[in-house]
Amino acid sequence: MLKIYNTLARDKQDFKPIAPNKVRMYVCGMTVYDYCHLGHARVMVVFDMVQRWLKASGYDVTYVRNITDIDDKIIKRAAENKESIHTLTQRFIDAMHEDADALGVQRPDHEPRATQYVPQMLAMIEQLEKNGLAYKAADGDVNYAVRKFDGYGKLSGKSLEDLRAGERVEVASDKNDPLDFVLWKHAKDSEADEVKWDSKWGKGRPGWHIECSAMGSELLGKHFDIHGGGADLQFPHHENEIAQSEGAHQCSFVNYWMHNGFVRVDNEKMSKSLGNFFTIREVLKKYDAEVVRFFILRAHYRSPLNYSDQHLDDAKGALTRLYTALKSTAVRAEPDGTTSHSTKPASGQVAGYVEAQEVSQVRSPSTIAFSPELVEGSGRTDLIDWNEPHAQRFKAAMDDDLNTPEAVAVLFDLANEVNRSQSAHAAAQLKALAGVLGLLQRDAQAFLQGGAGEGGLDDAAIKAQIEARIAAKKAKDFAAADRIRKELLEAGVVLEDTAQGTSWRRA
RNA sequence: GGUGCGAUAGCAAAGCGGUUAUGCCCCGGAUUGCAAAUCCGGUUAGCCCAGUUCGACUCUGGGUCGCACCUCCA
């Protein structure tokens, strides 16, 4: 039985879907006016993992992750760039998709954009007005009357009095209550037509919170199972979503609220406003995308995650151990699409060793490497032997509020088992279980030999050096052989002599 | 000020009222021409102070420190 920490209850609860076997999940996605940073990467990877685990558990999942493509910052940025809102947002939506793909994040079933759901938002605001929860203020904005909604504060655990006590900014005086928030912003003359929609309250554009309420109910229904997002969205965004949705529909909105912890830099929240952020693409120039994914999943999703090069290096070393275990029992795809493992070469030479090796394509460092296997990898959960002890531990860990650090620990135990026994079954289990997390789906050799940077040796040069060294070894010229190995090591290439020949990897 | 979360070995990070977490690092052994990889073994824990208990890293209370939310933020 899956247990999920529900922010609403501040406790782990048994997960029970509204409709048998179906899960409807909504996650707050990006506001697209800039490149995604590592904090965004965490949301995408974490809820991708959640979604994968729900599917692996047999649920029929409908996953929605929205795109905010209209808001103050977007308008400001577009003006600065002297470009249209649409051009700006489309550019960063494309970039976001590149980043997400690289990280092995599966596309949500729906990726609604706020600008495409304005009619639904207007209908909802109108319903709120009918229900006595919205009013038009003197300045032309339509606001939500927070005091008229009973459970306001139930998600964030705050009372209206607490919130008022903590007010840190001057609030617009046109609001009935300082905590009221905007549903519909009246248009200003200076604004472009692109950001103006007609409404019964006059031209304007939606407030931030209404989009998620409107798109959530449009795509998932008035009442759905899971709503997720970063911990910073708990208040006010998610609190306001509840007020809007329950206020308009007069029924329960979401059963389980999930919030992921922040990525930190030097023990401080990574955020745009603090300016201490690293974009995903920046990090991917230095680290393999799967290493970043592994780094994220190695921590529990609710814990803070400190970013540093040292931690990424550590994650890389750990992931290398897992791939090394898979490499030792050659994993091949069969024509029928199943995966089989053997501990011995099928015939003659073995993939990954110099004698048989094709020189793989060197990746251009300027583009983001996209590994389709990483995205599609969890498709074959039928290959998992769920009765096997490691799989049972893995399942127990995942069912315990998505405890990926524990699940990853099981992968390492399994890797040890693979190395010790050279068991094809164990190797298949390792790959299949890791696939549930969207890990270890690439060819082991491709991972271990990847990461050629600018100015480094290319694969052909490495291969030539290895051949020279093999010749030296045959001639018993160990001094020459060791010199070549040392040179390669200094160039970041590690050699491994095995019974099947010499293999290599990039350090 | 209000509210919430956290403090685990050199670093990272989990579970658990009593029995090896796990990864990286480090040390010893096996293996290797030498290495690497791998295997076997080992060192390094539980912020402080009380309490509950036969027994606490794990529960309770009180401190201390850190972080977050109360403003846009994933």
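Letters A, B, ... are given to chains in the order of the sequence lines, protein chains preceding strands, and every chain is numbered from 1.
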Trace of the side chain to side chain donor-acceptor pair (under 3.5 Å) decision for A:K327 with A:S503: CA-CA 10 Å; A:K327 193 193 78 172; A:S503 72; 3.1 Å; yes

A:D313 and A:Y287: CA distance, side-chain angles, deciding distance, side chain to side chain donor-acceptor pair (under 3.5 Å) verdict: CA-CA 8 Å; A:D313 288 339; A:Y287 293 96; 2.9 Å; yes

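Taking atom P in both B:A13 and B:A7, one finds a spacing of 10 Å when rounded to whole Å. When the C1' atom is compared between B:G18 and B:U53, the two are found 11 Å apart, to the nearest whole Å. A gap of 11 Å separates the C1' atoms of B:U22 and B:G15, to the nearest Å. With both ends at atom P, the span from B:G2 to B:U8 equals 26 Å, rounded to whole Å. Comparing B:C25 with B:C11, their P atoms are spaced 16 Å from each other, to the whole Å. When the C1' atom is used for both B:A14 and B:C72, the distance is 34 Å, rounded to whole Å. Here, B:A45 and B:C70 have their P atoms 40 Å apart, quoted to the whole Å. Taking atom C1' on both nucleotides, B:A9 is separated from B:G46 by 8 Å, rounded to a whole Å.
Atom pair A:N240:CG and B:C72:C1' shows a separation of 13 Å (rounding to whole Å applied). When rounded to the nearest whole Å, the span between CZ of A:F412 and P of B:G23 equals 7 Å. As rounded to whole Å, 15 Å separates atom P of B:G33 from atom NZ of A:K474. What separates OH of A:Y35 from P of B:A74 is a distance of 17 Å, to the nearest Å. Atom NZ of A:K473 is separated from atom P of B:U32 by 13 Å (rounded to the nearest Å). In this structure, A:E268 places its CD atom 12 Å from C1' of B:G66, rounding to the nearest Å. Taking atom CD of residue A:E239 and atom P of nucleotide B:A68, one finds them 21 Å apart after rounding to whole Å. A:H238 has its NE2 atom 14 Å from the C1' atom of B:C69, to the nearest Å.
Considering only side-chain N and O atoms, A:N267 lies nowhere under 4.0 angstrom from the phosphate OP1 or OP2 of B:A68. An OP1 or OP2 oxygen of B:C39 is reached within less than 4.0 angstrom by a side-chain nitrogen or oxygen of A:N419. Side-chain nitrogen and oxygen atoms of A:S421 include none within less than 4.0 Å of the OP1 or OP2 phosphate oxygen of B:C39. Distances shown here put a side-chain N or O of A:R321 below 4.0 Å from the OP1 or OP2 atom of B:U38. Checking the phosphate oxygens (OP1, OP2) of B:A36, no side-chain nitrogen or oxygen of A:R505 falls inside 4.0 Å.
In terms of heavy-atom proximity, A:L297 sits nearest to A:T404 at O-OG1, 2.7 Å.
Taking the centre of each ring, A:H259 and A:H238 come in below the 6.0 Å mark. The ring of A:Y256 has its center closer than 6.0 angstrom to the ring center of A:F15. Checked against the 6.0 Å centroid threshold, A:F47 and A:Y301 do not count as a close aromatic pair.
RNA chain B is contacted by both A:T320 and A:F294; A:F294 maps to the nucleotide lying nearer its 5′ end (nearest heavy atom per residue).
Residues A:L183 and A:N143 fail the side-chain proximity criterion, which asks for heavy atoms closer than 4.5 Å.
One can find a donor-acceptor pair under 3.5 Å joining the base of B:G33 and the side-chain atoms of A:D482. Side-chain to base pairing of A:D497 with B:C34: one donor and one acceptor N or O lie within less than 3.5 Å of each other. Between the side chain of A:R485 and the base of B:A35, at least one donor-acceptor pair of N or O atoms lies under 3.5 Å.
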Per-nucleotide protein contact string for nucleotides 2-11 of chain B, where B marks a base within reach and S marks sugar-phosphate only (heavy atoms under 4.0 Å, - for neither): BS-------S

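Base contact: A:S273 has a heavy atom under 4.0 Å from a base atom. As judged by a 4.0 angstrom heavy-atom cut-off over every strand, A:G29 is placed among residues touching the sugar-phosphate backbone only. No contact: A:D72 has no heavy atom under 4.0 Å from any strand. Residue contacts for A:F478: at a heavy-atom cut-off of 4.0 Å it reaches a base atom on one of the strands shown. Among the protein residues, A:A409 comes within range of the nucleic acid bases, having at least one heavy atom under 4.0 Å from a base atom. At the heavy-atom level, A:D413 lies under 4.0 Å from the strands shown only through sugar-phosphate atoms. Base contact: A:G39 has a heavy atom under 4.0 Å from a base atom. A:K316 comes within 4.0 angstrom of no nucleic acid atom, judged by non-hydrogen atoms across all strands. Contact annotation for A:R469: base contact, defined as any heavy-atom pair under 4.0 Å involving a base atom. Among the protein residues, A:H37 comes within range of the nucleic acid bases, having at least one heavy atom under 4.0 Å from a base atom. Within the nucleic acid shown, A:R420 comes within 4.0 Å of sugar-phosphate atoms alone, with no base atom in reach, counting heavy atoms only. Residue contacts shown for A:L233 are limited to sugar-phosphate atoms, with no base heavy atom under 4.0 Å away. No contact: A:Q234 has no heavy atom under 4.0 Å from any strand. Within the 4.0 angstrom heavy-atom criterion, no nucleotide atom of any strand lies near A:N306.
Using Watson-Crick or G-U wobble geometry with both donor-acceptor distances under 3.5 Å, B:G41 finds its partner in B:C27. Pair assignment for B:U32: none, as no Watson-Crick or G-U wobble contacts are both less than 3.5 Å. Nucleotide B:C5 forms a Watson-Crick or G-U wobble pair with B:G66, both donor-acceptor distances falling under 3.5 Å. Remark: B:A74 base-pairs with no nucleotide in the shown strands. Criterion, Watson-Crick or G-U wobble with two distances under 3.5 Å. The partner of B:U60, taking Watson-Crick or G-U wobble pairs whose two distances both stay under 3.5 Å, is B:A50. In this structure, B:A12 and B:U22 make a Watson-Crick or G-U wobble pair, each of the two defining distances being under 3.5 angstrom.
Judged purely by atom type and a 3.5 angstrom limit, A:Y144 uses its side chain to pair as donor or acceptor with the backbone of A:A243.
Between A:H227 and A:W257, the angle of the ring planes stays under 30°, which puts this pair in the parallel group of the 30/60° scheme. Ring-plane geometry between A:Y152 and A:F181 is classed as parallel, the angle between the planes falling under 30 degrees on a 0 to 90 degree scale with a further cut at 60.
Summarising the local packing, NZ of A:K76 is surrounded by 12 or fewer heavy atoms from other residues, nucleotides or ligands at distances under 6.0 Å.
Evaluation of the side chain to side chain donor-acceptor pair (under 3.5 Å) rule for A:Q13 yields A:N6 as partners, not counting sequence neighbours.
Side-chain atoms of A:K73 lie closest to B:C72 of the nucleotides B:C69, B:C72, B:A13. If you check B:A74, B:A68, B:A14 against the side chain of A:T31, the one that comes closest is B:A74. In this structure, of B:A74, B:A21, B:C67, it is B:C67 that holds the atom nearest to the side chain of A:R264.
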